[in-house]
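For clarity, every value in this text was computed on a predicted model and none was experimentally measured.
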Amino acid sequence: MSDGSHDGGKHDGGRRDDDRLTLKDLLVWAGVPLLIVLFLRLFVIGVYEIPSGSMLNTLQIGDRVVASRLAPKFFELHRGDIVVFKDPANWLGRDDGSGRTQYLIKRVIGLPGDTVKCTGPGAPVTVNGKAIDDSGFIREGVNPSDYPFEVSVSEGHLFVMGDNRANSADSRVHQDDGENGLVPVDDVQAVALAVYWPISHWSNLSRPDGVFDQVGGVSGVK
């Protein structure tokens, strides 16, 4: 009986040693999730705050959106996507001297090879001669465009517009920027997926595919 008690004590002591949380354990349990989050944040997921009203009412000033960095590197961009991109040609008209990259967020309307056109107030935007019904995402009460334009989208570029067409300095406005108002595909950083903050604005930013079904041309670009 005494020998059995002695063996049992050693067994219990060993179990307590095994259960003890070491510094190495803490580093593993805290470090691995941190590395995963860091990887996702740097290479997969982007988080952006909306600074202006150019995408009303889809996006409100101060909304925070989560976006996929996997497009256009691994997945194609499509008409209707809401994209975050580098300021292509000083569209914002400001430089604070910090060297920080400025970003904008707009909706893709035209892909390479497309001709995007509008004849002015009351007329629809057309893509390759086909009128699109953008009433499902542009701001209620505004025209598809308050002024006429016609732009052919060159290879490796996108034509973008804000959903608040009456207050969006988009591809229509910057046709004298050296790129004909177009955004290089290489400047696209991410595709917006959802509004996550504030909670009351939670919404899915899914692509309105049906709007562009009849326009022809390429269906996507990387």
**OP:** Search all heavy atoms of L182 against all heavy atoms of V153 and return the closest pair with its distance.
**Re:** CD1-CA, 3.9 Å

Original post:
Has the side chain of R107 got a donor or acceptor atom that lies under 3.5 Å from a matching backbone atom of G80?
Top reply: yes

Subject >> Closest heavy-atom pair and its distance - E76, A71 >> reply: O-CB, 4.4 Å

Original post:
Which residue pairs pass the side-chain hydrogen bond (donor to acceptor under 3.5 Å, both in side chains) test with at least one member in residues 117-129, sequence neighbours excluded?
Top reply: D114-N128

Original post:
Which heavy-atom pair separates V142 from D163 by the least distance, and what is that distance?
Top reply: CG2-O, 4.5 Å

Subject >> Selection residues 180-199 - residue pairs positive for side-chain hydrogen bond (donor to acceptor under 3.5 Å, both in side chains), sequence neighbours left out >> reply: none

**OP:** Following the transitive rule for hydrophobic clusters with a side-chain heavy-atom cut-off under 4.5 Å over Ile, Leu, Val, Met, Phe, Trp and Tyr, establish whether V116 and V160 coincide in one cluster.
**Re:** no

**OP:** Flag the pair K106 / S168 as yes when at least one side-chain heavy-atom distance between them is below 4.5 Å, and no otherwise.
**Re:** yes

Original post:
So which heavy atom on M55 is nearest to which on M161, and how close?
Top reply: SD-O, 4.3 Å

Subject >> Under the side-chain contact (heavy atoms from CB on, under 4.5 Å) test, residues paired with Q214 that sit two or more places apart >> reply: none

Subject >> Flag, side chain of N167 to backbone of N164, donor-acceptor distance under 3.5 Å >> reply: no

**OP:** Could you verify whether a donor N or O on one side chain and an acceptor N or O on the other, from N143 and S145, lie under 3.5 Å apart?
**Re:** no

Subject >> Exercise: identify the closest heavy-atom pair between L56 and R139 >> reply: O-CB, 3.3 Å

Original post:
P124 and C118: which non-hydrogen atoms are nearest, and at how many Å?
Top reply: O-SG, 3.7 Å

**OP:** Following the transitive rule for hydrophobic clusters with a side-chain heavy-atom cut-off under 4.5 Å over Ile, Leu, Val, Met, Phe, Trp and Tyr, establish whether I61 and W202 coincide in one cluster.
**Re:** no

Original post:
With distance as the sole test, does D81 use its side chain to make a donor-acceptor pair with the main-chain N or O of V83 at under 3.5 Å?
Top reply: no

**OP:** Return the set of residues passing side-chain contact (heavy atoms from CB on, under 4.5 Å) with V185 (not counting sequence neighbours), or none when no residue passes.
**Re:** P72, L77, L158, V221

Original post:
Who pairs with D134 by salt bridge (charged side-chain N to carboxylate O under 4.0 Å, His left out), at least two apart in sequence or on another chain?
Top reply: R165

Subject >> Pairs meeting criterion ring pair (Phe, Tyr, Trp, His ring centres under 6.0 Å) with involvement of residues 145-188, two or more places apart >> reply: W91-H174, F149-F159

